[in-house]
Structure formats: structure tokens, C-alpha cells
Amino acid sequence: MGLLSDPVRRRALARLVLRLNAPLCVLSYVAGITWFLALAFPPLTQRTYMSENAMGSTMVEEQFVGGDRARGFARDFAAHRRKSGALPVAWLERTMQSVGLEVYTQSFSRQLPFPDETHERYMVSGTNVYGILRAPRAASTESLVLTVPCSSDSTNNQAVGLLLALAAHFRGQIYWAKDIIFLVTEHDLLGTEAWLEAYHDVNVTGIQSSPLQGRAGAIQAAVALELSSDVVTSLDVAVEGLNGQLPNLDLLNLFQTFCQKGGLLCTLQGKLQSQDWTSLDGPLQGLQTLLLMVLRQASGRPHGPHGLFLRYRVEALTLRGINSFRQYKYDLVAVGKTLEGMFRKLNHLLERLHQSFFLYLLPALSRFVSIGLYMPAAGFLLLVLGLKALELWMQLHEAGVGLEETGGGSGPSALHPPAQGVGLTSLVAPLLISQAMGVALYILPVLGQHVATQHFPVAEAEAVVLTLLAIYAAGLALPHSTHWVVSPQAPDRGWMALKLVALIYLALQLGCIALTNFSLGFLLAATMVPTAAVTKPHGPRPLYAALLVLTSPAATLLGSLFLWRELQEAPLSLAEGWQLFLTALAQGVLEHYTYGALLFPLLALGLYPCWLLFWNVLFWK
Amino acid sequence: MPAVHGGERRWEAEAAPGMAAARPLALLVLLVLGPGGWGFADPPRDSLREELVITPLPSGDVAATFQFRTRWDSELQREGDTDHYFLRYAVLPREVVCTENLTPWKKLLPCSSKAGLSVLLKADRLFHTSYHSQAVHIRPVCRNAHCTSISWELRQTLSVVFDAFITGQGKKDWSLFRMFSRTLTEPCPLASESRVYVDITSYNQDNETLEVNPLPTTTYQDVILGTRKTYAVYDLHDTAIINNSRNLNLQLKWKKPPENEAPPVPFLHAQRYVSGYGLQKGELSTLLYNTHPYRAFPVLLLDTVPWYLRLYVHTLTITSKGKENKPSYIHYQPAQDRLQPHLLEMLIQLPANSVTKVSIQFERALLKWTEYTPDPNHGFYVSPSVLSALVPSMVAAKPVDWEESPLFNSLFPVSDGSNYFVRLYTEPLLVNLPTPDFSMPYNVICLTCTVVAVCYGSFYNLLTRTFRIEEPSTGGLAKRLANLIRRARGVPPL
């Protein structure tokens with residue numbers, strides 16, 4: 001269709017883009033950020049509503065009264081757990097049998113790639129216990145899961161107690177149409193992952209586990225419960241799953257419905273809900289919650305056992321009982337009734353949850369932003385890259401055209417036609433080298449941990465983190481090594497071509513990330529885009545260098561940690577922040593190997609090499 | 001020989017030896033063709049035998065099986081041989097069994113639910129159970145040794161398993177009244193035989209573990225599924241039983257409750273599941289357990305898989321004890337899209353004390369958008385596989401005289417003394433197919449229209465536009481003036 005456009009007008013447009021490029025870029029960036037900040041305000045946030053008919057109109061009456069029973073189970077469980085020092089498998093089996101479940105166990109073992117210092121584990125072996133409540137006169141084709149993760153510290157006893165009491169209550173009812181699996185996992189998420197992989201008979205993360213003896217068909221939904229006190233002041237709900245996956249919004253709506261019905265205090269991201277959305281207070285608080293959600297979703301880690309279910313297309317969320325200093329407390333009966341109500345409604349489901357949104361942001365429990373409304377924010381940011389790339393491309397193009405038009409008058413322009421070829425081949429070396437750095441960053445830390453521990457007085461986990469940082473920093477030394485390889489003949493063409501390629505590469509990556517995990521894409525775009533746009537080998541180089549370093553993926557991670565703690569009203573000191581940063585690095589690598597989180601490979605193999613290209617542009621000679 | 005089985009609720013063979021696993025609604029239809037006359041040689045003679053077998057299960061639940069058999073003589077079909085060409089097998093993977101199924105089924109009984117054993121068939125109790133299976137079998141029976149004339153047999157069976165955990169509050173005692181909220185008062189006047197059998201086999205050595213009330217007049221011993229069983233027999237025609245108190249409320253009490261040990265595991269049981277995740281591929285896995293300590297036996301595995309799961313037959317793997325197990329017979333009939341399902345039949349030898357895994361990969365087909373069910377996100381059912389096996393028995397059984405032995409023996413056919421026949425149905429599966437968002441057609445229409453409009457518009461523009469080379473503009477006023485002067489001077493213009 002090039003024929004159709006008027007070349008004269010096109011050239012005018014091109015001139016406009018070239019002349020107004022800087023203001024357009026600034027405008028676009030500011031528009032993106034403003035749009036994002038405006039997401040918490042009412043025209044862009046909408047009230048949540050239940051879309052699923054099977055769960056919407058009917059009401060259920062909760063009859064759970066087993067609070068004492070739950071506490072009794074919890075006490076016994078805690079005692080047996082203390083005695084054995086691990087999950088009391090035999091006691092759990094016995095108790096589940098006594099409440100009338102079909103009980104099975106599954107043992108698993110996993111050697112982590114390097115010792116996990118936050119959870120203090122390396123060679124992990126444990127046993128999951130699960131009991132199946134068979135729905136009467138149904139054929140075991142569908143099931144629901146209630147899971148409680150148990151780690152080595154003695155938390156979640158009350159959750160196990162409540163799970164058993166609920167199982168006993170559910171067993172006496174005849175209305176179940178779906179089987180219910182009551183799952184207690186050891187070593188929290190590792191156990192959950194082992195169980196899920198065995199249930200679906202796949203091996204994604206290389207965990208060794210015994211095959212499951214009992215199954216109950218396709219799992220429709222799952223609820224994970226974390227509860228460590230006999231009374232709670234509020235229930236916090238976590239939705240962010242592995243790689244930023246979210247459960248269907250209807251599941252959250254269901255939880256919210258029962259929160260309201262039972263008069264429970266429910267929080268999201270640990271933040272109370274503001275009722276007042278007409279004044280500025282509500283949206284501002286919503287913005288904090290939204291930012292917290294964006295940070296948590298961007299981290300790509302499962303924020304609770306529910307996060308691992310999402311990979312298998314099982315809608316799931318985690319409920320956490322919080323016991324703070326608030327006056328008014330709820331006992332286990334209130335929590336149990338909420339769960340009972342949720343399970344009864346899920347039992348009504350005729351289809352998998354699919355009616356409501358899968359991609360959303362939550363400024364509050366009762367408000368959401370749908371994908372159609374938040375995507376423009378990322379779009380505006382990526383437009384900056386596009387505009388900048390267009391400008392560069394035109395400059396490259398016009399430089400060539402302009403030279404041809406003048407017709408070989410001056411000396412350098414005679415060299416021009418071969419220079420174009422050299423310009424392209426000269427890109428191969430920096431691209432390859434930066435990509436190789438990325439591969440080294442991905443592979444070497446874990447591979448070389450033993451070598452590192454032999455030669456330096458560090459532990460394995462430290463070795464991995466320090467190697468990561470060392471390789472990361474070593475990437476900064478690259479321009480000095482690559483400028484020998486590259487011999488640019490036209491003064492500016494080389495770096496412009498490289499920057500053009502880097503811009504397109506970055507835009508593509510960020511675009512893809514924003515589509516699958518908006519939060520991560522937006523966060524990276526917001527930090528990386530401006531410096532990527534302004535970087536050039538002229539002008540105040542030290543300033544550009546400082547800016548580039550400050551917006552590199554690692555610095556973004558560090559900054560996000562500070563922002564996160566700031567929003568949680570627990571600000572970090574610098575030293576604490578650094579410690580947290582090192583821990584986060586180790587956790588990121590570990591989560592990639594143990595659960596298949598993709599943030600680490602994405603940063604190491606995708607964004608870091610791309611960022612190095614800009615570094616390369618900056619130090620182009 | 002049409003036979004309709006309606007059943008719901010997977011029933012663990014492990015928990016209840018003697019009951020088949022979940023029986024789906026299976027329809028075996030034999031199209032009876034041939035020169036059969038429809039004449040009536042004799043007036044039809046009805047004879048009804050009714051029977052109730054109550055078995056306390058090792059898991060603590062109680063299973064009750066009703067059987068009603070009617071036989072009549074007719075000349076419906078004379079030719080004996082059936083042509084297997086006309087044999088059809090069809091399975092409906094899911095059928096909700098409810099009172100709508102029970103009421104017409106009860107109407108087939110000669111006494112309906114007015115008298116005899118059928119007074120116990122009270123829907124609200126029968127559907128508060130954990131397993132429910134009802135069936136109708138019709139088959140021709142030879143009237144004499146040479147099979148020159150044929151009678152027809154209509155057999156109706158109903159099996160329910162009462163959940164002792166819910167009804168008995170943890171106790172395992174039961175009574176007819178507690179289970180059915182009715183008691184027996186009289187036999188069906190049309191019945192020639194009306195009996196209740198109660199399994200009183202003691203699993204321990206001493207006989208004093210349980211007590212039935214009233215005491216049975218006779219007992220009956222037989223070998224059922226390889227184990228010896230003792231039944232207390234109550235004949236409703238025996239006036240002494242009914243007359244004592246005008247009704248019969250059987251009760252069973254455990255003197256010493258059976259230990260809470262794991263129930264005895266049957267020699268053959270199976271499990272089936274879909275493995276993998278995502279909407280592109282998957283794997284059907286069937287686990288076959290042979291728990292016999294020293295005997296291997298062959299199993300015939302019959303799988304019908306709908307066409308929309310495209311099986312990759314080269315991925316069929318059968319492993320037992322970590323080694324490949326080669327089936328001695330495989331029959332595979334590939335599916336045709338929208339016409340017929342895959343049919344896979346294999347004869348597999350199960351080694352003693354082993355688990356055999358049969359797995360085959362499939363790809364999920366994308367259906368046409370009108371082919372989706374109204375609830376496409378529920379998933380699509382895959383019918384159970386059927387396992388047929390001759391399981392070696394521990395106790396030798398004597399050959400059975402079908403006419404004399406109780407009706408329930410027909411549920412457990414014995415092939416010879418050392419084996420017994422078992423047919424198991426695995427659980428049906430629910431598989432999600434890639435499901436479009438059904439608001440998509442609207443979006444697609446909008447998008448396509450836009451694309452078409454843009455393309456059409458530009459092509460139309462391109463085809464109708466006339467192109468001409470535009471002369472560069474002749475410059476400003478000065479140039480024109482200069483040209484005028486040049487023309488006047490006879491010099492070529494600028």
C-alpha cells in the first residue's frame with residue numbers, strides 16, 4: 001500500500017516525527033505512567049461482580065460448628081508434630097480415616113540445586129498425606145482441593161485442625177457432587193509441587209516422588225489455607241501465582257461474598273479496604289494496594305501454595321489467617337463457615353470457572369481493573385521505544401538518501417555504500433557477546449558453585465549469588481572488549497544501527513512480557529524505557545552511565561524491594577535492603593529450578609543481554 | 001440380548017469385593033434379525049423369583065442387592081445362533097440416576113412396590129446411599145437340552161451401598177428399618193420364591209462376632225469370587241418368619257466390631273486417569289493391579305475413546321514391574337472423525353503381585369463450533385475401559401446348578417472351579433478440549449470486516465485511480481518572467 005500514500009505527505013509526516021520526536025516520547029511516557037496511576041480511580045476501576053451463574057444466585061446455609069473439634073485436632077497435631085519433629089504422617093492417616101476419608105500418602109524427595117538458606121533446606125524428603133471424600137453416587141470425575149502446607153517450623157497447626165474438622169463435617173453431608181481432596185503437604189510448596197506433578201503424572205521440575213494411589217478426576221478448584229492461631233482478626237487472600245498467573249476473578253468474588261456474608265474482615269495485600277470511593281482517600285489507598293499487587297505479580301513467584309495449582313488450570317487462591325492487635329477477633333468457626341460456604345458453592349459448579357476475568361489488577365477486594373483498561377498504560381510506554389526506533393531508522397535511511405542525492409561530492413559519502421554492509425556485520429559481535437553473557441549468567445552460577453566454594457571461603461548459596469553479581473558486573477566491562485572487534489567506518493551509523501536493533505529487541509520482549517504478565521512488563525518498561533531511549537555515545541556520558549546502571553534489571557529489583565517494603569509500611573534500611581536483595585536473588589534462582597518460575601531465565605537470557613546492548617551503545621567508539 | 005445397566009458412583013472394588021466397580025450405562029444391543037416367528041404356541045407363563053442379598057462390607061458399609069427374575073415362554077425367536085456381525089457396543093459415560101429412572105423400573109415388577117421385597121424400594125432412602133446401580137437384563141433361555149424352544153428371562157437388579165459412616169454414626173450395626181425405613185410384611189403373591197440372604201461370614205476364626213435377629217432357619221454356603229461365604233436365609237413364604245410379629249425387621253449386631261484394619265484387597269483392581277496438562281496433548285493412563293501373591297493371569301482390556309481425542313497408537317506403552325509388557329493380542333480400530341470412536345482391545349498378561357501401566361498419548365482435537373455441548377467448559381466425558389478377567393480363586397468352587405442356586409449367583413459367574421470371572425469398569429474421565437471463547441465469532445466478524453474493508457478500499461482506490469507523472473512546478477514568478485524573456489529571445493527556457 002506504499003503506492004497509495006503520497007510520498008510528499010509521507011515525507012512531511014516523517015519530518016514531523018523526526019522534529020517532534022523528543023516531545024512525543026516524553027508525552028507518551030508521561031501518558032503511560034499517568035494512565036497507570038489513574039487505574040486506581042473509579043472510571044477505570046469497576047466494582048467486581050459474580051459472572052458464574054452456578055455460584056451467583058443460589059445461597060447456601062453454613063452449618064459448620066466444629067470449632068472445638070478443630071482446636072482439639074490442632075492441639076493433637078501440634079503435639080504429635082513436636083514429638084516426631086516432622087509431619088506426623090501416621091497420626092494424620094489415622095485421624096483422616098477416623099473421620100471417614102479414603103487416605104493415601106505420597107513420599108517425595110528433591111535435592112535443591114544449592115542450599116536454600118531462608119528455609120534452611122537442601123536435601124528435602126517428605127511425605128504428603130491426603131484424604132479423599134468420595135461424593136455419593138458420583139463417578140469421581142471432578143474434585144475440589146483443600147490444602148494446607150506444613151513447613152518445618154511449627155506453623156499452620158490450626159489450619160490442619162480446621163481442615164480435619166471440616167473434613168469430618170463435610171463427610172456427614174450428602175449433597176456433594178464433586179469429590180473433595182484434603183491435602184496436607186510437607187515442606188510447604190515443594191510438597192504441593194510434588195503432589196501436583198504426581199497427580200497429573202508429569203515431571204516438570206525433576207522431583208522424585210512415589211506415584212499416587214488414589215485420584216479423584218479433574219480438579220476444578222483449590223483453596224489453600226494458612227492459619228497459625230486459634231483466633232483471627234482478619235483473613236488475607238493471595239491470588240498471585242507462579243509467573244504472575246491469576247485465578248479466575250469469580251473465585252475471588254466468591255471469597256468476598258462469604259466475607260461479607262459472615263461479616264469477616266478481609267484484606268488484600270494486607271491492606272484494609274476503603275469503603276469510600278467518592279473522595280480521594282479510597283482511590284489513593286487502592287493505588288497502594290494496586291502497586292503492591294503489581295510488585296507481587298511481577299516477582300513471578302507463587303505467593304502461597306495456590307500459585308502452583310494455576311499451571312494445571314486449577315483455579316486456586318490462598319487464605320491466610322492474620323492475628324493482629326485488633327480488638328475484635330473471629331474464631332475458627334467463622335473461618336470454617338467461610339470455607340464451607342465456598343466449597344458448597346464450588347460444588348454447584350457445572351463448568352470450570354471461566355466466565356469472569358483471568359487478567360485483572362485489584363486496587364481493592366471489591367474493585368478490579370480489566371485487561372482492556374490497563375493495557376494502554378504499557379502500550380504508551382512501548383510507544384516510546386517505537387517512536388525512538390522510527391526516528392533512528394529514518395535518520396539511518398535519510399542519511400543514506402541524503403548522501404546519494406548530493407551525488408558523491410564529499411569524501412566520506414563515497415565510502416558510504418560499503419559502510420552499510422559493515423554496519424550490519426558490526427552488529428553481530430556485540431549481539432553475540434551480550435547474548436553469551438546472558439547464557440553465562442544463566443548457567444554459570446549454579447554450575448560453578450562447587451568450584452567457587454573450593455576457591456573462596458563462601459557457602460554454596462552465597463557462591464551462587466556472588467557469582468551472579470560478578471557475572472552481571474562483568475558484563476559492564478564489555479564495551480572495552482568489543483570495540484576491538486567492531487571497526488565502525490561511518491562515525492554514527494554503527495551505534496545507531498546497534499541502538500535500533502536493541503530498541504526493537506527490547507520493545508518485542510517487553511511487549512511479550514506485558515501480554516503474559518502485565519505487572520512485570522510494565523515495571524520493566526517504566527524503568528528501562530526512558531534510559532533506553534536517551535542513551536547515545538555523545539553528551540554527558542557519566543550521567544547516562546549512571547542512569548543506565550540505575551535502571552538495569554538488577555537495580556529495578558533492588559528498587560522494587562524498597563518500594564514494596566515502603567508500601568507495606570515497613571521501610572528498609574540500606575543494609576537490610578541489600579541483604580533482602582541477595583536473598584531475593586537466591587530465591588529467584590531456586591524458584592526457577594524448583595517450581596519452574598520464569599523470571600530468572602527471562603532476566604538472564606532476555607533482558608540483561610538487551611540492556612548490555614544499550615551499555616554498548618553508550619560506550620561506542 | 002439387550003442389557004441396560006444404569007449405575008453411578010464409582011465403587012471401589014477394593015472397598016467392596018464382590019461388587020463391580022462403577023458400572024456406566026452400557027448398552028449391549030444385539031439386533032435380532034432372522035426368520036423368527038411371532039406366534040404364541042402356549043400362553044405365557046410368568047414365574048417370579050425375588051431375592052435380597054445384604055452384605056456387610058469390610059469397609060463397614062452395607063451393600064444390598066435386589067434381584068427380580070421373571071421368565072415367560074414365547075416363540076419370539078427360534079433361531080439359536082446369533083450373528084456377531086450384528087453385535088453393537090455403546091457406552092454412555094454419564095447418566096444421572098434418580099427417581100425418574102427408578103419409577104419405571106419399579107413398574108416392571110409384577111407387584112410394583114406394593115408387596116414382597118419391593119416395598120423396601122423407597123426412593124428417598126435409596127438415593128441417600130453412596131452407590132446406586134440398577135439394571136435390566138433380557139435374555140433367551142433354552143427350555144430343553146436341545147434348545148428347540150426358548151423362554152425369555154427378564155432380570156432386574158438393583159444394588160445400593162449404604163454409607164454406614166453417615167447412617168450408623170460410626171456403628172456398623174444395621175437393620176432393615178434403619179436402612180430402608182420399611183420392614184418386610186409379606187411375599188409378593190405372584191412370586192414363586194421370595195428370599196432374603198444375609199452374609200454372615202465371619203472373617204475371624206471364632207463364629208461369635210455377629211448376631212442376626214431373628215435367627216435364620218437355614219443357612220447357605222457358597223464360594224463367591226474365590227472366597228467361601230455363609231448366608232443366613234429368610235424365606236418369606238415360610239409363614240413362621242412373618243407370622244411371629246406381622247413383620248420382618250432383620251437386624252445385625254456386631255458383638256465384637258470388626259477391626260479397623262485395611263479391608264482385604266481384591267486380586268484385580270484398576271485405576272484410570274488423564275495425565276499431563278495444557279490443552280494440546282495428554283495421556284490416558286490405566287493402572288492394572290494384580291495383587292495375587294503368586295499367580296499371573298491375563299486381562300482383556302477394552303477401551304473406546306471418542307474421536308476428538310486423537311490417539312497416537314505408536315505411543316502405546318505397557319509396562320509391568322519396570323519392564324515392557326507385550327500384549328498377546330491387540331485389536332485396534334481407528335476412529336473416524338464424527339463417525340466412530342477408537343476401539344482398542346488388548347489381552348495383557350498381568351504378572352503376579354504387580355502394577356501394570358497402560359498409557360497412550362493423545363492430542364485434543366478442535367471441534368467445530370457447533371459441535372460443542374452447551375456446557376463446553378465442563379469438559380467431555382471419556383467412557384470407562386472395561387476389564388474382563390478370569391481371576392484365579394483361592395478356594396475351589398463346585399459347579400453351579402443355575403436353576404437351583406440363588407439368583408445372586410448369576411452376578412458372579414464361575415467359569416470353572418479354579419477361576420472366577422470378573423468384569424471391571426474403570427472410572428469415566430473428564431477431559432477438557434480447547435474451547436473457544438464463544439463471544440469470539442462476534443470479534444472475528446468485526447475484525448474480518450475491518451480488514452476486508454481496508455483491503456477492498458485500498459485495492460479499489462488503486463484500480464480506479466489514474467496515475468500521471470506530475471511535472472515539477474515551474475518555479476516562482478521570477479523564473480516565469482525569465483522564461484518569458486528567454487522565449488522572446490529564442491533561447492531555451494530554464
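Quick caveat: nothing in here was measured; it's all calculated off a predicted structure. Each chain gets a letter, A, B and so on, in the order its sequence line appears, and its residues count up from 1. These numbers come from the heavy atoms of this one structure, side chains and all, not from hydrogens, waters or symmetry mates.
- You'll find the ring centres of A:Trp195 and A:Tyr130 inside the 6.0 Å limit.
- Highest contact tally toward chain A, considering only B:Tyr381, B:Tyr289, B:Tyr277, is held by B:Tyr277 [criterion: heavy-atom pairs under 4.5 Å].
- For B:Asn432, the part lying under 4.5 angstrom from a heavy atom of chain A is the side chain only.
- Using a 4.5 Å cut-off between heavy atoms, B:Ser285 contacts chain A through its side chain alone, with no backbone atom that close.
- Chain B forms the most heavy-atom pairs under 4.5 Å with one residue out of A:Glu142, A:Gln220, A:His354, A:Gln173, and that residue is A:His354.
- Within the 4.5 Å cutoff, the side chain of A:Val99 has no heavy atoms near those of the A:Arg171 side chain.
- Between B:Phe362 and B:Val305 there is no side-chain heavy-atom pair separated by less than 4.5 Å.
- Separation of the A:Tyr312 and A:Tyr199 ring centroids does not fall under the 6.0 Å cut-off.
- Considering only heavy-atom pairs separated by less than 4.5 Å from chain B, the leading option among A:Thr141, A:Leu353, A:Leu349, A:Val204 is A:Thr141.
- A:Thr594 and A:Thr205 form no side-chain donor-acceptor contact under 3.5 Å, judged by distance and modelled atom types alone.
- Heavy-atom pairs under 4.5 Å with chain A were tallied for B:Asp375, B:Leu430, B:Val274; the largest tally goes to B:Asp375.
- Looking at A:Glu197, there are no atoms closer than 4.5 Å to chain B (heavy atoms on both sides), in backbone or side chain.
- The part of A:Leu212 that comes within reach of chain B is its backbone (N, CA, C, O), which places non-hydrogen atoms under 4.5 angstrom from that chain.
- One side chain, B:Ser320 or B:Thr356, offers a donor N or O that lies under 3.5 Å from an acceptor on the other.
- Residue contact with chain B, scored on non-hydrogen atoms closer than 4.5 Å, involves the side chain of A:Ile174 exclusively.
- Judged by the 6.0 Å and 45° rule, A:Arg137 forms no cation-pi pair with B:Phe127.
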